Engineer: 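Let me give you the structure first, and then I'll get to my questions.
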Protein chains: 2
Amino acid sequence: MIVTIKDVAERAGVSPKTVSRVLNNETHVRPQLRETVLRVIEELNYKPNMFARGLSSARSYLIGLFIYDPYWSGYATDIQLGALRRCRELGYHLVIEPIDPHIEGAAEQVVDSVAGLRLDGVILPPPLCTFEPLLARIEEMGMAYVRISPGQDMDRSALVEIDEYAAAHEMTRHLIELGHRDIGFVEGIPTHAAAARRYAGFKTAMAEAGLTVNPDWVLPGMFTFQTGFAAADELLSRKGPLPTALFCANDDMALGAVSAARKHGLEAPADLSIVGFDDAPAARFSWPPITTMRQPVSDMVASAVDMLVDPKYRRDAGKDGGKPAPRLQLPFALVQRQSAATP
Amino acid sequence: MIVTIKDVAERAGVSPKTVSRVLNNETHVRPQLRETVLRVIEELNYKPNMFARGLSSARSYLIGLFIYDPYWSGYATDIQLGALRRCRELGYHLVIEPIDPHIEGAAEQVVDSVAGLRLDGVILPPPLCTFEPLLARIEEMGMAYVRISPGQDMDRSALVEIDEYAAAHEMTRHLIELGHRDIGFVEGIPTHAAAARRYAGFKTAMAEAGLTVNPDWVLPGMFTFQTGFAAADELLSRKGPLPTALFCANDDMALGAVSAARKHGLEAPADLSIVGFDDAPAARFSWPPITTMRQPVSDMVASAVDMLVDPKYRRDAGKDGGKPAPRLQLPFALVQRQSAATP
DNA sequence: TCTCGATTTGACATCGATGTCAACATCGGC
DNA sequence: GCCGATGTTGACATCGATGTCAAATCGAGA
């Protein structure tokens, strides 16, 4: 019933080992023989058994993606799709594991649970990429991993990122050039280092323009629609003077802020300019469309997959051996839409 | 370096087979011996190798979840999280595979690509659960599968659903009881049978109340924010009379409709009542919060996982053997929030 | 034609678990 | 004290691929 490598070998008149060589694109197979074997594989619709493969060789053809679910948003969706697509192109499969850093021992438990899977590598997007217990356990198990935009501890492992600082700086410049002088900021998750770098970029750009950051207008947020709404709602409920622009550390919060403004009878951008970060899909289709900073999230995570698949980076890249950890920086881009205008 | 079942056996002074029995909770092991083995497993931090396991036994401890990515929304997120959680509880892992029905041969390709994984079963949420080429290929491969809310072909396989028809009927009743007589409807994906059942429930409830459905107010949609926005935008741009309430076939479209209404200077629910379906997270946190119909999506998909894991349903449940395909119907609930009121 | 070295191929062991089946231990009933 | 029935345990084969290493083949140069 089920076709094995033996069946293919028999029919092609070669040994199983030769079929294996063809499957894995190894050298030392006569082109003509290779053709024959490929034809038979096609004819029998043979699919190698992953388990046999994983058992006998070192690779599992499995990549892990660890995510923190409550913050699922456009960003997390892009991450996932990018990884999924690249894995498929390379003949790998993706195993997704949610981890809640707030649950004691969750990281250890998850790493243990995938230990039997012998993953070829793990991808850690924010905020897990800065979650120390997780990193420690992964390193202890000797697993290869790549972080996405960790924002700190840059030499610890391979990573892919954009220059968050420069991007936030540019966005702030944009608001200033529009004529804003009173600019508020909604922060991201405190433990997420990239969030801090966005704020740093904002602050520096303000200082460089000779503007002061009003601490009352710097509000906490958790990267969700809900917290963006709450932050703006709280800000707009106050009696005192208000900013003319609000820089939200991501798009979901910007969307929330737009909603909250409306609750207070304010329209973006006429009464308040609101900008985001990430270029999430919803940012394009909401009303008004959100001015934001595009991150090539899919490309970033695709590069992460490439790194894990590439034998060059396979084990502990940059840990031993003294060679520096690969660090890939991809370009960002300001996307001007209709949620920001001159005050 | 890596701990195997042999190491555990040796240290516990038993045979590997006995350790295996303990691992799989088989009978015929003296309680005391079982204790000893469990203690050693703990001590050595032993994790069974999935590949060896999958190779020698029939199970893979892997469940597949096929999704159609462009429609990722609150609904798809809930599906995924529900599956992920339940899999973890049961010691299974989830392999997610995106499929685009519009790409010729995509379904076949994906099924082939997971053929080597020997999945214990596959979960098909909408809209893939009614995508014929995919179903055909899955059945051809003899894989077990469970559909979520297929809305048609009910005896073909195991499935989990809510009574979409009754739920839409109840929502429509709710609007009528609020005093609405002119009600519009934004449809879901045409190929998605559950969408048709929602519309059917709407139509019947209208007829039962002696109200006519104005065909000009029944608008096409694709379950996305964007298409909900477009539908409402188009409707509200017209010269003629307008409905006082709009029933959107899911929450993402309701959110889009709220945005579009605002673009036309209308506020929900004062100027137009807008209701959704699904109880997506964003429905709770938007402004105004959306009145919607709660589907226990996480429970539904968790039940689907249970069915696949339960040996009772393992292979071709309901195909051969003559026993009927299991069909699980879970309860829905109207969630009244602030996007609907008396006209 | 023969030889040496490089290339191509296959025999066999191996990965780490579980299935099968036979051997052994235990127990109650006669 | 013996018997069969039941419960417990382990020896060994097996799943389907790849790694190792030796054998076979090929080709060029003498």
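None of the values given here were measured: they were computed from a predicted structure. Naming: A, B, ... by sequence-line order, numbering from 1 per chain.
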Engineer: Check whether the ring centres of A:His102 and A:Phe131 lie less than 6.0 Å apart, and answer yes or no.
Structural biologist: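 For A:His102 and A:Phe131, the ring centres are not under 6.0 Å apart.
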
Engineer: Taking 5' to 3' order, which nucleotide of DNA chain D is first and which is last to have an atom within less than 4.0 Å of a heavy atom in chain B?
Structural biologist: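 Both ends considered, the range comes out as D:dG7 to D:dG16.
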
Engineer: Would you mind reporting whether A:Ile148 and A:Cys129 have side-chain heavy atoms less than 4.5 Å apart?
Structural biologist: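 No - every pair of side-chain heavy atoms lies 4.5 Å or more apart.
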
Engineer: Does B:Glu42 form a salt bridge (charged side-chain N to carboxylate O under 4.0 Å, His left out) with B:Arg39? I'd like the steps, not just the answer.
Structural biologist: CA-CA 5 Å; B:Glu42 185 75 19; B:Arg39 189 170 44 69; over 6 Å; no

Engineer: Starting at the 5' end of DNA chain D, which residue's closest nucleotide do you reach first, B:Ser15 or A:Lys47?
Structural biologist: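 The answer here is B:Ser15.
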
Engineer: Under 4.0 angstrom, heavy atoms only, what part of the nucleic acid is B:Tyr61 near: base, sugar-phosphate, or nothing?
Structural biologist: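 B:Tyr61: no heavy atom of the nucleic acid under 4.0 Å.
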
Engineer: Does the B:Arg88 side chain pair with the main chain of A:Pro98, one donor and one acceptor, at a distance under 3.5 Å?
Structural biologist: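 Answer holds: yes.
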
Engineer: To the nearest 0.5 Å, tell me how far B:Arg137 CZ sits from B:Met141 CE.
Structural biologist: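 One gets 6.5 Å once the value is rounded to the nearest 0.5 Å.
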
Engineer: Taking the side chain as every heavy atom from C-beta outward, state whether B:Ile5 and B:Ser20 have any atom pair closer than 4.5 Å.
Structural biologist: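 Yes - at least one pair of side-chain heavy atoms lies under 4.5 Å apart.
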
Engineer: Mind running a 4.0 Å heavy-atom check of residues 25-33 of chain B against DNA chain D and sending the residues that fall below it, in number order?
Structural biologist: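 DNA chain D contact set from residues 25-33 of chain B: B:His28, B:Val29, B:Arg30, B:Leu33.
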
Engineer: Working to the nearest 0.5 angstrom, can you tell me the gap between B:Met143 CE and B:Arg118 CZ?
Structural biologist: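 Between atom CE of B:Met143 and atom CZ of B:Arg118 there are 10.5 Å.
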
Engineer: Classify B:Val19 by what it touches in the nucleic acid, base, sugar-phosphate, or nothing, heavy-atom distance under 4.0 Å.
Structural biologist: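 No contact.
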
Engineer: Relative to B:Tyr61, does B:Arg53 satisfy both conditions: NZ or CZ under 6.0 angstrom from the six-membered ring centre, and within 45 degrees of the ring's axis?
Structural biologist: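 That pair qualifies as a cation-pi contact.
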
Engineer: Using heavy-atom distances to pick each residue's nearest nucleotide on DNA chain D, tell me which of A:Arg21 and A:Ile5 is more 5'.
Structural biologist: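 This one resolves to A:Ile5.
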
